[in-house]
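Read through the structure below, which is laid out as structure tokens, and then see the notes.
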Amino acid sequence: MSRLVVISNRVSAPTGEGGAGAQGGLAVALGAALREYRGLWFGWSGHRTDEFTGHIELQRAHGVTTATIDLEDQDVDEYYNGYANRTLWPLFHYRIDLAEYDRSFDSGYQRVNERFAETVTPLIDQDDLVWVHDYHLIPLGAELRARGLKNRIGFFLHIPWPPGRLLVSLPDHQKLVRSLLAYDLIGFQTREWLEAFRDYVVRELGGNLDADGTLHVGDRTVHVAAYPIGIDYDDFMEASRSPLAHQACNRLRESAADRKVIIGVDRLDYSKGLQERFTGYQRFLENNPDRHGELFMLQIAPPTREEVSTYEEIRDNLDGLSGRINGAFAEIDWVPVRYVNQGYDRASLAGFYRAAQIALITPLRDGMNLVAKEYVAAQDPDDPGVLILSRFAGAALQLKDALLVNPYSADEVSDAIKTALEMPREERIRRWRSMMESVRDEDVVKWRHDFVAALEGARIREPEPPPE
Ligand code: ADQ
């Protein structure tokens, strides 16, 4: 079995097996993959330095070696806060109104990808499989090839791929997409994003598509496929049975005092549709005065990317909106919105999910959305809650038995809350069972096995012809 080298923007030091750690689902999933394949995980430490030195900090913990580098202030501003999070993130989430195009971002993005390639190349052995993650590192494969790497290199995009009509608004869009052709395998979360990518390559780059889905562009052959990411089912179930999860569940139930709980859990990001969700809930309260006092909404949303101004704005907007809803509807013994700006470990989240009769997960656009899957996994099989899910989340293609809504429509969201509150137990159980099977069977272990197997099977690269 080949060794696996995972490269992502950030590296989270693995904390070992078991459910109670404070890591995100992806960090746990990649940590497990690396243990299985005796791997190396390379990326940015998250720290800034005055001057880039290329010094690699190597650490070994719980069977995984991590290798991290520090970046300069200018790198962080132009690459991470700039091109990745001000240009690509909004554009790939269909928000060209928020996308900022600035040449200094392009050059910073390119420079950091070159720095990643320069530093990681000596750590890669001839037989290693290399797996690059996400929109921060699109040109990395081409930079690794430019340094002579012949290994099989795969890329997985965690976020949506935008329709060609939006993507062409990006200056130098062809250059960015062409750099992806250096990979042997490109994975997307869903068929929808995969098809948008293929359409672009066929129309804009003159590519051809084989019957088996392989793309040919000039002399390049690239395998492209959808690999929907899942949760670490076993690990999450273990977390949800832990004392911490029970404590969290009881704490929320006791404080709810027989009221039903509608839960939302998201990073504070405009793609997650939080303002639209609050507005949908407000519409429900306006339309159903008889239900006031019977339920409340708990929104957990820790701030992220605070150095990007649009994220400050959304925080201000939500503070205002939650305050206005509470001001308009609260009674002395009932507050309709509990809005919490802190993150929780996975075990506590599992407990909160279990205590909530409804999950309201309404991103305007989301590559997958693992919170929806975690909510399903955490439910009591005899009395499961109802998942209300945006039809624009990648997860909606698998969780077809959720109540699927258009997150832009406050009326649809309001109606779905009413339907969820009134849904008979038998229907809740039937819908939950079918969703649970998909969450269990299409988990993160399957995701990484499918991707790595496809990468192992991807054609070994022919040596490049010598320059003329
Ligand atoms: P994210 O946009 O971060 O990820 P999501 O998949 O919902 O979105 O969450 C990832 C993890 O973060 C989950 O395990 C969740 O429990 C945790 N998390 C989210 N909000 C939290 C909170 N308030 N407190 C504590 N933990 C929280 C990106 C893409 C997604 C894709 C993932 C994985 O945007 O579409 O599903 O990568 O590929």
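All residue numbers refer to positions in the sequence shown, counting from 1. Remember, it's 1-based here, ligands and their atoms both numbered in the order they're listed. Treat the numbers as computed from the prediction; the structure is a model and nothing was measured.
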Would you call [X] and [Y] a salt bridge, using N to O less than 4.0 angstrom?
X	Y	value
Asp441	Lys446	no
Arg346	Glu374	no
Arg305	Asp269	yes
Arg86	Asp102	no

Can a non-hydrogen atom of Lys272 be found less than 4.0 Å from any atom of ligand 1? yes
Non-hydrogen atoms of Gln189 versus ligand 1: any pair closer than 4.0 Å? yes
Heavy-atom distances under 4.0 Å are what count here, so tell me which part of Val371 touches ligand 1: side chain, backbone, both or neither. both
Where does Asp266 meet ligand 1, judged by heavy-atom distances below 4.0 Å: at the side chain, the backbone, both, or neither? backbone
What do you reckon, does Gln342 have a nitrogen or oxygen under 3.5 Å from a nitrogen or oxygen of ligand 1? no
A student comparing His158, Arg267, His133 should find that the heavy atom closest to atom 2 (O) of ligand 1 comes from Arg267
State the atoms of ligand 1, each with its element, that fall below the 4.0 Å cut-off from a heavy-atom position in [X].
X	result
Gly367	35 (O)
Trp89	34 (O)
Val265	20 (N), 21 (C), 22 (C), 23 (N)
Gly343	24 (N)

Looking only at heavy atoms, which two atoms of Tyr375 and Gly385 are closest? And how far apart? OH-CA, 3.3 Å
Step through it carefully: locate the ring centre of Tyr135, locate the ring centre of Phe92, and say whether they are under 6.0 Å apart. no
Between Trp89, Trp44, Tyr109, which is the residue that forms a ring pair (Phe, Tyr, Trp, His ring centres under 6.0 Å) with Tyr80? Trp44
